[in-house]
Structures are given as structure tokens and as C-alpha cells.
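Notes follow once the structure below has been shown.
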Amino acid sequence: MTVRLPDHVDPKLFAVCKEFMRFGYDLFGAYLDALAGLDPIREDLVSRQQAKISGLKKTQPDKASVEFMDQQVLEHRFQADQRGPQECLHRSTQGDFKLRTSPRGLDARLLGQMVVAQLYSAWEDKYRALIASNLGLPKKNALASDLFYDLNKLRQAIIHNQGKATLEVERAKVIRWFRCGDEIFISRERVQQLLDEIDRYVTGLCGL
């Protein structure tokens, strides 16, 4: 079914804004897919550790502990096939793996930070200029936004300040989540809130 836009809404502007929001929600879906995968792979390792500990209790009781298992190596590998021999891609300990796949671990933190970087890059490198043009503005910098200004400062802190909030991040007008020095952890709820703010902003640009 085709939805008729109000007469005052420019269909070209609406199409660009819709495309940007589609990108945002596709990105959100990929983020949620990746986040959802962390729990089962961590639980699988915990289960395999428990099984190994049960066996060690009979043969090497001094090693039958979670502490011992957490010190053992865990590797990600390409298996040998027609393309080449087996190749080690990444090596850590099992304990490190459990930490980084925990709900507030490194993996979840990096995933949230990547969403911020991707959203701002899409806005600044493509959609800001397209929307500005359809609004009749002479250049993209004529389209100012507190929301995307905040998002840029957040992205800069992630990339250039080791993921720690700066004073500019603390002074945000819309994304008021962090104080200077805080670790920037973008939770699932905050990703959703960010997309809601962007949706509200671009909908307003369309006059809806």
C-alpha cells in the first residue's frame, strides 16, 4: 500500500531521510545480532570448562578448577582447506575471552562505539549534504544540529581519547550520558535512544 504524504512534505527530502533512517535501523539490527551472539559463545565455553574440570578431577585434581581453565589458551583459527593451511587469527586466554564477552565487556563496548562512529560517518559523509540540498541550503555546513554536534564529539572521544569522555562530551545538549573521564559504554538502551533522537530530528526536517 502506498502512503500519501501531506502536501507540504517534499517527497525527495522524505526519500533521503527515509533512506538514512533505514541505514540506522539496519545498523541497529546488525549490532543486536552481534550482541546476541556474545551470551551463547560465552556460555558454551563455560560449559566446556565445566566438562573438562569434571574429567580433571579424576586424573589431575590439582588442575580441576575454573582458575586453571581460565589460564588456558583460546584461539580463533581458519581451518585448513583447499585455500591453505590452518591459520591462527587471534589468541587469548579463556579467562580473557569470558571477560570480553561479558554483558559489559570489551566486545559490547566496542560494538556500541562502532555504532556511534558508523552513524556519524553516514550523516557527515553522505546524508547531511543530501538533506541540506533538498532543503535548499547552499552547503551541508548550513545544516546545523545539536544532536549531530554531540554525536561528533562522542565519536572524537571514542577515536582520539581512548574511549573516555571529554569535556565537550560532558557539555552535550542532547546526548547527556557521560561526565568527563567516564568510559564511553553505549548500552543497548542508549543505542535505541540515539536512533529515536535521530528519527525525531529527521522527521522534523521533513515537516512531519
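Please read these numbers as outputs of a predicted model, since none were measured by experiment. Each residue takes its place number in the sequence, starting with 1.
Using a 4.0 Å cut-off between charged side-chain N and carboxylate O, K12 and D10 make no salt bridge. Taking a cutoff of 4.0 Å between a charged side-chain nitrogen and a carboxylate oxygen, E43 and R48 do not qualify as a salt bridge. A salt bridge between E87 and R77 is absent, with no side-chain N of the basic residue lying under 4.0 Å from a carboxylate O of the acidic one.
Looking at residues two or more places apart in sequence or on another chain, you find no side chain to side chain donor-acceptor pair (under 3.5 Å) involving R176. Residues satisfying the ring-ring contact (aromatic ring centres under 6.0 Å, His included) criterion with Y127, sequence neighbours excluded, are F20.
Considering CG of L32 and CG of L27, their distance stands at 9.5 Å, rounded to 0.5 Å.
For residues 156-167, the pairs satisfying side-chain hydrogen bond (donor to acceptor under 3.5 Å, both in side chains) are T166-E168, with sequence neighbours left out. Within the structure, every pair that satisfies the side-chain hydrogen bond (donor to acceptor under 3.5 Å, both in side chains) test and touches residues 132-145, not counting sequence neighbours, is listed here: E124-K140. The list of side-chain hydrogen bond (donor to acceptor under 3.5 Å, both in side chains) pairs with a residue in residues 24-37, not counting sequence neighbours, reads R22-D26.
With hydrogens and angles left out, the side-chain atoms of Q72 and Q94 include no donor and acceptor closer than 3.5 Å. With 3.5 Å as the limit, one finds a donor-acceptor pair spanning the side chains of T93 and D96. Between the side chains of K98 and Q49, at least one donor-acceptor pair of N or O atoms lies under 3.5 Å.
If you chain together ILVMFWY residues whose side-chain heavy atoms come under 4.5 Å of each other, L56 ends up grouped with I53, V66, F68, M69.
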- Show your reasoning for whether salt bridge (charged side-chain N to carboxylate O under 4.0 Å, His left out) applies to K126 and E19. CA-CA 11 Å; K126 180 179 181 180; E19 182 182 318; 2.9 Å; yes
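Considering only heavy atoms from C-beta on, Y201 comes within 4.5 Å of L205 through its side chain.
With F97 as the aromatic partner, R42 does not meet the cation-pi criteria of under 6.0 angstrom to the ring centre and within 45 degrees of the ring axis. Within the cation-pi definition used here (under 6.0 Å to the ring centroid, within 45° of the axis), R171 does not qualify as a partner of F178.
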